[in-house]
Number of protein chains: 2
Amino acid sequence: MTSAARARRVTIADVAREAQTSTASVSYALNGRPGISEATRERVLEVAARLGWSPASAARALAGAGADTIGLVLTKDPRDLSVEPFYMQFIAGVESALAVRSRGLLLEVAADADAEVEAIRRWRGSRRVDGVLLTDLRPHDQRIAVVREAGVPAVAVGDPSAAAGLTTVWTDDAAAMRQAVQHLAALGHRRITRVAAPRRYAYTAIRDDAFDQTARACGLDHDIVRSDLSEDAGAVATRAVLSSPRPPTGLIFDNDIMAVAALTTAHQRGLSVPGDVSIIAWDDSLLCRLVTPGLTALSHDVVALGAQAARRLLDVIDGAEPAVYQEATPMLQVRASTGPAPTEA
Amino acid sequence: MTSAARARRVTIADVAREAQTSTASVSYALNGRPGISEATRERVLEVAARLGWSPASAARALAGAGADTIGLVLTKDPRDLSVEPFYMQFIAGVESALAVRSRGLLLEVAADADAEVEAIRRWRGSRRVDGVLLTDLRPHDQRIAVVREAGVPAVAVGDPSAAAGLTTVWTDDAAAMRQAVQHLAALGHRRITRVAAPRRYAYTAIRDDAFDQTARACGLDHDIVRSDLSEDAGAVATRAVLSSPRPPTGLIFDNDIMAVAALTTAHQRGLSVPGDVSIIAWDDSLLCRLVTPGLTALSHDVVALGAQAARRLLDVIDGAEPAVYQEATPMLQVRASTGPAPTEA
DNA sequence: TTGTAAGCGTTATCAG
DNA sequence: CTGATAACGCTTACAA
């Protein structure tokens, strides 16, 4: 008949009483800290387990220990979020790294950059998180100033040039873009177009530059079309590009969704892929493998990226100095959507 | 030169001093509670804003108020998680509902059912969450006993028959399955197979039964093949089924991933879809639209489901009585992967 | 309407 | 090594 005890929670005071010692010793024992005899420690641990004690993280956080939680705020419309495989992969990676150190992940979807900053401020003020992960870096990102000023441990995911000295996890997008352009050049394409993400992302300029330079070096006609990352925008951009007087024979997209949309658009217009136009996607996901023809894509391990970012953040929380970690450069995964350039009419 | 003040955080005591009142009044003012004059309230609010005060949720939670956070624990291998569009859609929906009430989402990926229960216990003990969302209900789900016993507000997402009286958000999977079977029957199919999720999910038995009954009612040869929800397992199951002496001409899958895998498998074996075999997927996602031929699928709004679940959980946290909420029944979205049964050889 | 003070469950300091 | 005891920031009776 233990039902009477059900309502109250077990505290370290209970454990201390039962183990005939003080709360301080219990705290030491439970946190594996020195300054306590092995005998007491074992007794405390045994009693805690028997009583079913579990730490009240609120109290712990309040007393100055960590919250054992990191924060991730995504700036996306929820419905877009759900369609981008990237984020779920990233989150999955983060979780896998957090799980082994039993940390939690606090997730928030913000409507815009201001809401994002607001969330970070709120979190740090409320001691809910020990640190934050910053994705989708923007040029002159205000979040970086905020975390720095507020002293919030943070890791930026994106190009170091946009991270202003914060610990950074990045992939070499410029090198990846070079591969893509050179692949098309090697296949004999003379006119290529890049369908790019908005300028508000820091990586956009980097990919823009790499695209321009490599295309020029290869002596290709080249052009950049600005789009957003949605399916619709990808289709619209593709239609416009393919309707031009001398349409390009190679297209490079900034994500997989737009590339798939382009594939559909090309088919609708009776164009063959890769017979009439070759398509390259960025972010190789299930989608790229499953469509017909399979999409040649710049493939990288987003799950690993998320895991690495989370691990580095835990380091930073533990006091590590800022550092820059480069992940594997996205590799061009060649599939059926790229082929020899069509011979001129 | 405000740099000296940077380290300390602003507390209600600071606000009280500055506003020349007590911490109690500040608390009342900040929480919009009665028992304070309008004049002081405004003064407090103004001072709080000026000082940049933000609530310490740790302290708040410790003092007995809520944590303003709900928990969601997913039992999946992280890499599988990232491939299932369902979860990201669900999370996106949850976030959208939470955002309007400025609540956070604590996410955890558990390796197995025990880890899941452990997470819930830990959360409730640590006062990190005000309530939890339960997805992927299992028959006799231990989590239900746990939340009940621990008095954790919870909402189950799944069939009410598995939710044991908890507030539940569900879709009528039996009705959805009937549509799928009748669709195939109407197209003249005489032999159909269901490639099903593992029995550990509560919905599996419900879909099994509906499949059997409807197929029998329609006078069809029918069979159920057990699989897991992965791409590989879907391909394996499809190969096995199509190799049988008298293969079925219609296949119904329990998710979209397996259905897409089946499509690829059929093509590899030189079979036409829907010429030789018709395919129906569950959970209509981008994938189903984008593959060729497009997949006929049971389509439902998972984002809305997540939003509804989150809203109902907030109700429960606010003391609402248990209730059952039925969401729209998945609708059969007919695409090119289903067609008339092939004429017997 | 206001202010005082007692928790909430830990951690951390500092004498024994 | 051990045990009181004071924070931590907020909520909430209870007094004034």
Side-chain angles (χ1 to χ4, degrees), chain A residues 7-45 47-48 51-69 121-130, chain B residues 7-45 47-48 51-69 121-130:
Chain A
R8 245 183 52 72
R9 49 196 340 291
V10 180
T11 75
I12 55 168
D14 300 323
V15 176
R17 190 173 341 100
E18 187 80 7
Q20 317 213 40
T21 179
S22 69
T23 62
S25 300
V26 171
S27 178
Y28 287 143
L30 259 15
N31 292 308
R33 220 158 298 191
I36 181 177
S37 70
E38 204 46 47
T40 338
R41 162 159 306 162
E42 287 190 4
R43 187 155 32 90
V44 167
L45 259 27
V47 170
L51 263 40
W53 174 86
S54 75
S57 84
R60 200 171 248 180
L62 187 55
D68 284 355
T69 301
R121 282 230 170 79
R122 184 158 28 83
W123 280 349
R124 109 95 198 185
S126 62
R127 297 204 175 170
R128 289 158 82 98
V129 301
D130 301 326
Chain B
R8 244 182 54 72
R9 51 198 337 288
V10 181
T11 74
I12 57 167
D14 301 324
V15 175
R17 194 175 335 104
E18 186 80 9
Q20 317 212 41
T21 179
S22 69
T23 61
S25 299
V26 171
S27 178
Y28 287 145
L30 260 14
N31 293 310
R33 220 156 300 191
I36 181 178
S37 72
E38 205 46 49
T40 27
R41 161 159 300 155
E42 288 191 4
R43 186 155 34 89
V44 166
L45 259 27
V47 170
L51 263 40
W53 174 86
S54 73
S57 84
R60 198 171 252 180
L62 189 53
D68 284 356
T69 300
R121 281 230 170 79
R122 185 157 28 82
W123 280 349
R124 110 95 199 186
S126 62
R127 299 206 172 168
R128 289 160 82 100
V129 301
D130 300 326

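Below, read A as the first sequence line, B as the second, and so on, with proteins coming before strands; counting in each chain starts at 1. As a basis for the values below, the full set of heavy atoms in this structure was taken, side chains included, without hydrogen atoms, waters or symmetry mates.
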Task: Rounded distance (nearest 0.5 Å) linking atom CG of B:Leu30 with atom CD1 of B:Ile36 - done: 9.0 Å
Open item on the list: Is the phosphate of C:dC8 approached by B:Arg127 (side-chain N or O, under 4.0 Å from OP1 or OP2)?
Closed with: no
Task: End-to-end axis angle, where each axis spans five pairs of the helix from C:dT1-D:dA16 to C:dG16-D:dC1, to 10° - done: 40°
- [ ] Round to the nearest Å and state the distance from B:Leu51 atom CG to D:dG9 atom P.
- [x] 14 Å
- [ ] Take the protein atom CZ of B:Arg41 and the nucleotide atom P of C:dT2, then report the distance between them rounded to whole Å.
- [x] 10 Å
Open item on the list: Whether the side chain of A:Arg33 engages the backbone of A:Ser27 through a donor-acceptor N/O pair (distance < 3.5 Å, no angle test) should be reported.
Closed with: no
Open item on the list: For the residue pair B:Arg43 / B:Thr21, report whether a side-chain donor-acceptor contact shorter than 3.5 Å exists.
Closed with: no
TODO: Check the distance between C:dG9's P and A:Asp14's CG and give it to me in whole angstrom.
DONE: 9 Å
Open item on the list: Base, sugar-phosphate or nothing for A:Ser54? Non-hydrogen atoms, less than 4.0 Å.
Closed with: sugar-phosphate
Open item on the list: Let me confirm one number: the CZ-CG distance from B:Arg127 to B:Leu62, rounded to the nearest 0.5 Å.
Closed with: 6.5 Å
Task: salt bridge (Lys or Arg N to Asp or Glu O under 4.0 Å) contacts touching residues 19-31 of chain B (sequence neighbours left out) - done: none
Open item on the list: Strictly below 4.0 Å: does A:Thr11 bring a side-chain N or O up to OP1 or OP2 of C:dC8?
Closed with: no
Open item on the list: For B:Glu18, run the side chain to side chain contact (heavy atoms under 4.5 Å, CB included) check against B:Val44, B:Val10, B:Leu51 and tell me which one passes.
Closed with: B:Leu51
Task: Heavy-atom check, side chain of A:Val26 versus side chain of A:Trp53, under 4.5 Å - done: no
TODO: Side chain of A:Thr21 only, please: which of D:dG3, C:dT1, C:dC8 is the nearest?
DONE: D:dG3
TODO: Take atom CG of B:Leu62 and atom P of D:dG9, then tell me their distance rounded to the nearest Å.
DONE: 12 Å
Open item on the list: For nucleotides 11-16 of chain D, give me one character per nucleotide, 5' to 3': B if any protein heavy atom sits under 4.0 Å from the base, S if the only such contacts are to the sugar-phosphate, - if neither.
Closed with: BBB---
- [ ] Let me know, please, whether B:Ser37 or A:Ala56 comes out on the 5' side of the other along DNA chain C by nearest nucleotide.
- [x] B:Ser37
Open item on the list: Has B:Arg122 got a side-chain atom pairing as donor or acceptor with A:Ser54's backbone, closer than 3.5 angstrom?
Closed with: no
Open item on the list: Can you confirm whether B:Asn31 sits close enough to B:Arg60 that some side-chain heavy atom of one is under 4.5 Å from a side-chain heavy atom of the other?
Closed with: yes
